[in-house]
Amino acid sequence: MLGTGLTADSERRTHTTPCTAEKICLMDPACNATYQALENCSLDKTRFLPLSPDARARCWDAKLDLRSSPLLHCKCHRRMRRQKHCLRIYWTVHSSFTHGYFNLETSPYEDPANEEPWKIDYNKLAALVSGDSANPCLKATHFCSLNKKCVHLRTYYASSCTKGAESGDTCDQRKCHKRLRQFFEKVPEDFTKRLLFCPCQDELCGERRRKTIVPECSFQDSIKPNCLLLLDSCIKDHICKSRLADFQQNCEPAGMSPDGCSQHNHAACLKAYMGMIGTAMTPNYVGNSSTEVSLWCTCENSGNQQEECDQIRSMFISNKCLSKCYTTRNLGHRFSIIKFKPFVVFQILYHTAPAYSSNLRHQIKKPPSLYNCLIVMYFLCI
């Protein structure tokens, strides 16, 4: 047993982060030596270097020695400041590939408990109703403008992903990906999901939805790489590898399950899908007339790895769990305006919207008009 000063149970009670647990481990000679051995094992796996039988045995022994360490039970947050460092620690400790959907460990992420609140602006909402109601994706863009962080970070990634396009130069895809990840990490999901999953009935709307992530920079290149190379590139990057593990855990299809997912959590699957955007394996809509999504890669000339390559492509393009999540979300967000008395509508807003009710209590001094109530109810449900 390693003398780290914390047990697994106390780790879970105190919510120690990997960074804190690492410091505790490095102060203990035995834990330090074991952790350094695992770092070497993890580095070799990242470089896809073959391990000798002796090296494999040493890695396995180090893995067993660390089983009582608090490091084994730590998780990371997407919004934390030192996310890359946290993920590096996680994958050092979980360096061995175990059996699973594409042989990755479980997700390194633990979702934050609290959602960021937002404010309702009745005047802006009223102005939006007179806009283009036939295009939900345009409406979602307008809805984003109600939140300062949403409009700021959306402008930020759009600028980074289109820089150089007018002069014919290639964009800086690395910077574009980084800005996209910031947008989907820092902006409340109420806004990001509307932009990415807005339901469309025509190709004009579908085109706007497909271009949400500026695919000319973030998604596609002049030549499609082989999907195996795309996966290799992803596995070598801690963030991409972590997002992929999160996606595989939460969006793993289950043929016999009524909801199509092995984890039975559609919200977690959609969140994991959004986490893939801004990585080497960024997915996007295939076209403007469907909700089918895919990676920008091909399986041509895959040789004896054709089956593995097809499996990579099917993670998105044939994923019944992801497809079911998208369908369920759109069906659940259809809304028909019904005539209610103003005070009844106010009571519905006040008591049945838990995500927003605390803000409403502080902001609403008197029951708003029926017109404004219906506007708010519409936007809470799209």
Side-chain angles (χ1 to χ4, degrees), residues 77-84 115-116 118-119 121 124 127-128 131-132 135-198 200 203-225 230 233-234 237-240 242-243 270-288 293-296 379 382:
H77 296 284
R78 289 193 184 93
R79 297 172 184 249
M80 67 189 304
R81 287 190 302 171
R82 302 182 67 195
Q83 181 184 163
K84 283 187 177 181
E115 290 293 330
E116 183 175 337
W118 59 281
K119 296 181 179 181
D121 188 322
K124 285 186 177 180
L128 291 180
D132 183 5
N135 191 332
C137 290
L138 179 60
K139 187 75 69 177
T141 302
H142 292 162
F143 191 64
C144 175
S145 67
L146 299 179
N147 180 273
K148 290 182 179 179
K149 183 173 288 187
C150 184
V151 69
H152 171 69
L153 290 179
R154 182 174 178 272
T155 303
Y156 199 28
Y157 84 69
S159 174
S160 298
C161 297
T162 55
K163 191 173 183 179
E166 294 181 359
S167 59
D169 296 334
T170 57
C171 71
D172 187 338
Q173 190 178 73
R174 183 192 62 81
K175 183 176 289 186
C176 175
H177 280 168
K178 182 179 180 180
R179 302 292 184 246
L180 276 169
R181 291 199 306 271
Q182 288 178 338
F183 177 77
F184 286 102
E185 287 173 6
K186 296 182 178 181
V187 176
E189 288 183 29
D190 293 314
F191 301 95
T192 56
K193 282 186 177 180
R194 281 177 171 83
L195 285 168
L196 199 60
F197 305 120
C198 42
C200 291
E203 291 196 5
L204 182 63
C205 176
E207 173 72 0
R208 190 177 190 93
R209 179 176 60 192
R210 188 183 67 82
K211 288 190 173 182
T212 296
I213 65 169
V214 195
E216 290 79 6
C217 183
S218 69
F219 175 67
Q220 63 195 48
D221 286 313
S222 56
I223 300 176
K224 281 189 176 182
L230 209 63
S233 176
C234 182
D237 178 79
H238 286 311
I239 288 183
C240 187
S242 301
R243 302 299 174 84
L270 291 178
K271 185 170 186 175
Y273 172 84
M274 290 191 295
M276 293 301 301
I277 297 174
T279 69
M281 295 184 69
T282 295
N284 195 29
Y285 294 99
V286 175
N288 302 333
V293 297
S294 179
L295 298 171
W296 183 260
F379 277 98
I382 63 170

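Side chains included, hydrogens not; waters and symmetry mates left out as well; all remaining heavy atoms used.
- Checked against the 2.5 Å cut-off, the SG-SG distance between Cys171 and Cys176 does not fall under it.
- For the pair Tyr157 and Val214, the tightest heavy-atom approach, listed with the atom from each and the gap, is CE1-CG2, 4.0 Å.
- Of all heavy-atom pairs spanning Phe183 and Leu195, the tightest one is CZ-CD1, 3.6 Å.
- Thr212 places a side-chain N or O within donor-acceptor distance of the main-chain N or O of Arg209, the cut-off being under 3.5 Å.
- Here the closest heavy-atom approach between residue Leu270 and residue Lys193 is recorded as CB-CE, 4.4 Å.
- A side-chain donor-acceptor contact under 3.5 Å links Ser145 to the backbone of His142.
- Partners of Glu207 by salt bridge (charged side-chain N to carboxylate O under 4.0 Å, His left out), not counting sequence neighbours, listed by chain and number: Arg210, Lys211.
- Annotation: the span from Arg243 atom CZ to Met276 atom CE amounts to 9.0 Å, rounded to 0.5 Å.
- Put simply, the side chain of Thr155 gets close to the backbone of Val151: a donor and an acceptor are under 3.5 Å apart.
- Rounded to the nearest 0.5 angstrom, Leu230 CG and Lys224 NZ are separated by 11.5 Å.
- Atoms OG and CG, on Ser242 and Asp237 in that order, are 8.0 Å from each other to the nearest 0.5 Å.
- Checked against side chain to side chain donor-acceptor pair (under 3.5 Å), Thr282 has no partners two or more places apart in sequence or in another chain.
- Smallest separation of non-hydrogen atoms from Gln182 and Leu153: O-CD1, 3.9 Å.
- Atom CG of Asn147 and atom NE2 of His152 lie 11.5 Å apart (nearest 0.5 Å).
- Lys84 is linked by a side chain to side chain contact (heavy atoms under 4.5 Å, CB included) to Ile239, counting only residues two or more places apart in sequence or in another chain.
- Of the possible polar contacts, none joining the Arg208 side chain to the Leu204 backbone as a donor-acceptor pair under 3.5 Å is found.
- Without hydrogens or angle criteria, Arg194 side chain to Ala140 main chain gives no donor-acceptor distance under 3.5 Å.
- Taking the six-membered ring where tryptophan is involved, the planes of Tyr273 and Phe197 are tilted, since the angle between them lies from 30° to 60°.
- Residues passing the ring pair (Phe, Tyr, Trp, His ring centres under 6.0 Å) test with Tyr285: none are found, sequence neighbours excluded.
- Applying the ring pair (Phe, Tyr, Trp, His ring centres under 6.0 Å) test to Phe184 and every residue at least two apart in sequence or in another chain returns nothing.
- The distance from the CZ atom of Arg174 to the OG atom of Ser160 is 10.0 Å, given to the nearest 0.5 Å.
- Between the side chain of Arg179 and the main chain of Tyr156, no donor-acceptor pair closer than 3.5 Å is present.
- In this structure, the side chains of Asn284 and Gln220 stay at 4.5 Å or more apart for every pair of heavy atoms.
- In terms of heavy-atom proximity, Phe191 sits nearest to Cys150 at CB-SG, 3.7 Å.
- Here the closest heavy-atom approach between residue Ala280 and residue Cys240 is recorded as N-SG, 3.9 Å.
- Shown here are the side chain to side chain contact (heavy atoms under 4.5 Å, CB included) partners of Cys205, two or more places apart in sequence or in another chain: Asn135, Pro136, Cys137, Cys200, Asp202.
- Between the side chain of Ser218 and the backbone N or O of Ile213 there is at least one donor-acceptor pair closer than 3.5 Å.
- If you take CZ on Arg154 and OG1 on Thr192, they are separated by 12.5 Å, rounding to the nearest 0.5 Å.
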